[in-house]
J.: 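Sending over a structure as structure tokens; questions will come in a sec.
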Amino acid sequence: MSTVTVRAAAKINLRLGVGPVRDDGYHPLMTVYQAIGVYDDVTVTASPAWEVAVDPVGAVDVSAVPLEETNIALRAGRLLAAHHGIDAAARVSIAKGIPVAGGMAGGSADAAATLVALDRLWDLGTPDDELLAIAAELGSDVPFALLGGTALGTSRGELVEAVADVGSWWWVAVPSAAGLSTATVYAEHDRLGLGDSQLLPQALLDALATGSVEALAATLANDLEQAALSLRPDLAAPRDAGLAAGALAMLLSGSGPTWLALCRDHEHAHRVREALADAGFADPVAAPGPVAGAHVVEYA
Ligand code: C5P
């Protein structure tokens with residue numbers, strides 16, 4: 001086997017409860033993650049030196065993705081090699097369908113996919129708990145990108161635990177031409193002195209466990225929405241357009257700027273997608289959730 005391709009999904013936060021900043025600069029979270037059907041595919045090939053290449057899928061703008069050491073997929077590969085004490089390198093090719101700096105954890109998806117792909121390429125058999133610990137070192141959202149599905153996230157988001165979700169949910173992701181830095185949005189949240197909401201979101205968990213889309217629409221909430229709108233008042237337009245297009249609710253994805261329109265079903269999602277495209281919003285995409293975490297799609 002000389003190449004392995006692993007697919008990893010975008011994440012959204014159905015609830016993003018943000019507490020006061022910790023001494024290490026991170027914020028304690030009480031969040032519910034869901035993986036949705038927007039993907040990056042990562043292909044690894046044995047190589048004498050570390051290399052990374054990024055190609056867009058569809059209209060994704062990949063110009064801001066670093067192609068040197070700081071690329072999170074390369075950091076993932078090096079960390080896995082170091083963990084096992086092996087001196088190996090690989091070429092990492094990313095086919096990017098997840099918007100860059102969109103609040104959908106595209107970089108975290110690449111890191112998770114690279115860990116799984118290299119574990120298979122090098123036949124390491126890394127136990128799940130070790131892979132999750134390496135993932136947590138790479139970024140707060142990387143463990144969830146391994147797990148997928150729907151999960152409760154605590155601490156800075158890196159501690160994940162699957163939750164019951166019987167729904168077949170449909171979303172329309174509405175990307176924004178300009179990205180937002182996660183760190184900047186958290187800093188704005190602090191500057192605005194926004195509060196502390198660390199309670200278990202029981203009504204949301206009940207909506208997921210019963211599959212009621214009306215109940216889900218009523219319980220979606222993102223504490224970073226106000227900070228993102230403060231930095232980018234233009235983000236009110238896609239939110240309002242989504243509601244006008246018939247979305248049951250509009251939810252900012254993570255730290256933004258991507259919005260998610262919650263829809264009743266597949267047909268409704270396609271109607272909302274078309275209405276948003278007709279209203280001039282570029283490249284809205286309908287996606288189901290929950291979907292799987294990082295998984296192999298091809299060995300060659
Ligand atoms: O963990 P990750 O590298 O994805 O975090 C990116 C940035 O987002 C951090 O440097 C920090 O500024 C902010 N962050 C935070 N609290 C979290 C997660 C991320 O403040 N729980």
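Counting starts at 1 for both ligands and their atoms, following the listed order.
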J.: Which protein N or O atoms sit under 3.5 Å from any N or O of ligand 1? Give atom names and distances.
T.:
residue, atom, partner, partner atom, Å
ligand 1, 1 (O), S140, N, 2.9
ligand 1, 1 (O), S140, OG, 2.5
ligand 1, 16 (N), H27, N, 2.9
ligand 1, 20 (O), H27, ND1, 2.7
ligand 1, 21 (N), H27, O, 2.8
ligand 1, 21 (N), R156, O, 3.0

J.: Looking at residues at least two apart in the chain, or sitting in another chain, which of them share a side chain to side chain donor-acceptor pair (under 3.5 Å) with R239?
T.: none
J.: Please give the remaining members of the hydrophobic cluster of L192, linking ILVMFWY side chains under 4.5 Å, ordered by chain and number.
T.: L194
J.: Go through the structure and list residues passing side chain to side chain donor-acceptor pair (under 3.5 Å) with S2, not counting sequence neighbours.
T.: none
J.: Examine distances only and state if a side-chain atom of Q198 and a backbone atom of G17 form a donor-acceptor pair shorter than 3.5 Å.
T.: yes
J.: In terms of side-chain geometry, is the basic nitrogen of R191 or E188 positioned less than 4.0 Å from the acidic oxygen of its partner?
T.: yes
J.: Are the side chain of N71 and the backbone of P66 linked by a donor-acceptor contact shorter than 3.5 Å?
T.: yes
